[in-house]
Amino acid sequence: MPFFTERTNPEAPSGNTADVPALARRYEALLQRRAPWDEAWQSLADHFLPTRCRLAPQHDATEEGPMLNRGLVDATGILAMRTLAAGLQGGLTSPARPWFRLSLDDADLARSRPGQAWLDEVAARMRTVFQRSNFYNAMHTLYGELGTFGTAFVFELADPLTGFRFVPLCAGEYVLDCDAARRVDTVFRRSAMTLRQIVQAFGTAALPETLREAARRNPEERRNVIQAVYPRETTPDGRCDGAGMPVASVYWLEGRDGERHALRVSGFRSFPGFGPRWDVAGNDVYGRSPAMDALPDCRMLQQMGLTTLKAIHKAVDPPMSVSAGLRSVGLDLTPGGINYVNSAPGQSPQAATPLLQINPDLSTARKAMESVQDQIREGLYNDMFKLILEGRSGVTASEIAAREEEKLVLVGPVLERLHDELFIPLMDRTFECMRQLDMLPPCPPELAGRRLRVEFVSLLAQAQKLVGVSAADQYMALTLRASSAWPEALDTLNVDHLLDNYAESLGLPVSLTRSPEERQQLRATRAETAQNQALAQAVDKGADVVQRLARSPLSSPDGTQGTVLDGIVRLLRQALPGAAPRPVAPPPAPKGENR
């Protein structure tokens, strides 16, 4: 059985080794540690991500909670967070283009023909696995949680249909804990399930006796189920059931009747989830988000919106000053209403007049609100994502470097943290899962035992690299300009390294470039061909010269007739000591000539 599938202990319902009371106490302690974040998370959810916060346990067990936030009058924060999530989706894990590639710790071996073919095939199969699963939908949800709350969590589990299934959790329904290296290795999850669902998931025998009758009477009654996933301190040798897995998974019912009764004890061979943080301060378990920085502006924007709406309401429907004598008369103050009244002697003919004359400066109010809205969007990187995503074909590397270098530098640490806490563990676990399922092509013998290395070629990763490529462009342009005056300036360029680094920065696959051995072979063949061509041209030119010399007449001093070639031969024989003169046969006359 693959190690990413939960292995269940068949003895869990009757007698298991899970200490549920101890786990419940640890869960309560982790809830107390998370308590300072709860109020902040609720406020963030209200302004940026409604319906994605599950802090109240009673809402999970009894009702779904409010679906809409009626206190908002301006949705800029929600729309800006939507843009941030979409920007991270398209910039980091776009389903429309490759966003990662595989390599080896040995770069020369990775460039070999068998290595290139195997790595490309493995990467293609991994992308197919992600496409068949709900990976990209889960990532979009995770990016929204990450940008809003600074912390997100997603499970990678087995699925009998697609092979993999990703389960993102809502803020408030889980608590986390870290190991000594500050990596998330423990998660407690609370989820609401009906008794009918509990029976389907765990079986009737798993329920306490007090709930079996309730499941028959009212199967739609909701109960909170707690799942604890944590590393075991010690694992029994030789055991392959739930108690023998390095990572434990224990389910129990929240409440008095389920404190000492486990619904299931199972396990994993590796931690099945990922808990990335946007930014972490010190030893904090939970991260901080850009929405926390934009929250004061978002609150101010709501107040500005309310004040502007009140001013508009007063201007359109001002408070009225009505004569006291008209108290018994029903006045129609709706738009277009007509009221007939008799004016008393000496009283103004207009008995109903506006109490206040308000002419609000709406243009100034709108400009102030637009300034705050732009500040919120800038705090959530909307301007940067729109530049990169909308200008894929039109924006060059130099323009990105000139216009967005500072913002790319600011988001750089976030990308590095996501690589370390999300993508690299995700690729490692997915590769191992596929290897256990025999979903990988046969490995070439020369690659056996080598360590794989993941290279990210997403749009944002490329944008980061293109900032450095602009320096190479400037250096190349300067070298070409200098070579017009000093040709020896071209000797400073190492063309092979320059093009290799450029291709790597652009995220091109390794298979598009030739290996150094192939380049040397091509250059040697090209040089040999050029040498043979030059030799053939020299031979042809020499033969033509000889033919001309053989046809040119020459009269020697002794009166003998011959050709220039005969004279050259005689001179050469005279110059060589001991050489006897030999007559030179005249060349055949061309057709049409007499001898």
Side-chain angles (χ1 to χ4, degrees), residues 1-34 54 57 60-61 153-158 165 167 169-170 172-179 183-195 197-212 215 222-236 239-275 285 429:
M1 183 181 294
F3 70 90
F4 64 100
T5 304
E6 287 188 83
R7 294 194 173 184
T8 305
N9 184 357
E11 300 179 355
S14 58
N16 56 72
T17 58
D19 190 352
V20 175
L23 291 176
R25 290 192 297 270
R26 186 182 180 188
Y27 175 59
E28 293 297 330
L30 293 178
L31 282 176
Q32 292 296 324
R33 183 187 299 177
R34 197 199 65 188
R54 299 287 190 271
D60 292 343
F153 193 88
V154 60
F155 277 115
E156 183 183 19
L157 303 175
R165 178 169 53 91
V167 183
L169 305 185
C170 293
E173 70 177 12
Y174 64 87
V175 291
L176 303 177
D177 200 5
C178 298
D179 58 11
R183 292 188 297 264
V184 175
D185 68 341
T186 300
V187 59
F188 284 72
R189 174 196 181 190
R190 184 190 69 246
S191 58
M193 301 175 65
T194 64
L195 293 179
Q197 294 172 338
I198 294 175
V199 171
Q200 291 176 349
F202 306 104
T204 306
L207 289 176
E209 188 64 32
T210 56
L211 288 181
R212 296 179 187 177
R222 296 168 66 87
R223 291 299 182 96
N224 287 334
V225 177
I226 310 297
Q227 179 190 11
V229 181
Y230 59 95
R232 285 190 170 96
E233 296 181 0
T234 57
T235 57
R239 294 192 62 175
C240 296
D241 58 1
M245 294 293 100
V247 179
S249 176
V250 182
Y251 293 84
W252 75 91
L253 283 171
E254 186 180 33
R256 186 172 301 174
D257 53 357
E259 287 180 351
R260 298 183 180 275
H261 193 92
L263 296 175
R264 175 186 295 167
V265 177
S266 56
F268 301 88
R269 290 191 179 180
S270 66
F271 190 65
F274 316 99
V285 176
R429 177 174 170 78

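Positions are given from 1 along the sequence. Basis for what follows: all heavy atoms, side chains included, without hydrogens, waters or symmetry-related copies.
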To the nearest 0.5 Å, what is the distance between [atom1] on [X] and [atom2] on [Y]?
X      : Y      : atom1 : atom2 : result
Thr204 : Leu195 : OG1   : CG    : 10.5 Å
Glu254 : Arg223 : CD    : CZ    : 10.5 Å
Arg54  : Arg189 : CZ    : CZ    : 11.5 Å
Leu23  : Ile226 : CG    : CD1   : 11.0 Å

To check you understand the geometry: which heavy-atom pair defines the closest contact between [X] and [Y], and what is its length?
X      : Y      : answer
Arg232 : Ser266 : NH2-O, 3.8 Å
Glu156 : Phe274 : OE1-CZ, 3.5 Å
Arg34  : Glu173 : NH1-N, 4.4 Å
Ala192 : Gln197 : O-OE1, 4.5 Å
Ala228 : Phe188 : CB-CE2, 3.4 Å
Asp185 : Pro231 : O-CD, 3.1 Å

Applying ring pair (Phe, Tyr, Trp, His ring centres under 6.0 Å), can you list everything that pairs with Phe155, at least two apart in sequence or on another chain? Phe153
Keeping the roles fixed (side chain from Arg212, backbone from Ala205), state whether a donor-acceptor pair exists under 3.5 Å.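 Flag set: sc Arg212 to bb Ala205 pair under 3.5 Å.
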Qualifying residue for side-chain contact (heavy atoms from CB on, under 4.5 Å) with Thr186, from Val175, Val229, Asp179, Asp177: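 Exactly one pass, corresponding to Asp177.
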Could you check whether Gln227 and Ser249, counting side-chain N and O atoms only, form a donor-acceptor pair closer than 3.5 Å? yes
Examine Arg264 relative to Tyr251 and say whether NZ or CZ is less than 6.0 Å from the centre of the six-membered ring and inside a 45° cone about the ring axis.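 Arg264 over Tyr251 ring: yes.
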Student check: side-chain heavy atoms of Val187 and Phe271 closer than 4.5 Å: yes
Between Val285 and Leu30, is there a side-chain heavy-atom distance shorter than 4.5 Å? no
Check Glu28 with Arg25, please: is the shortest side-chain N to carboxylate O separation under 4.0 Å?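 Salt bridge absent between Arg25 and Glu28.
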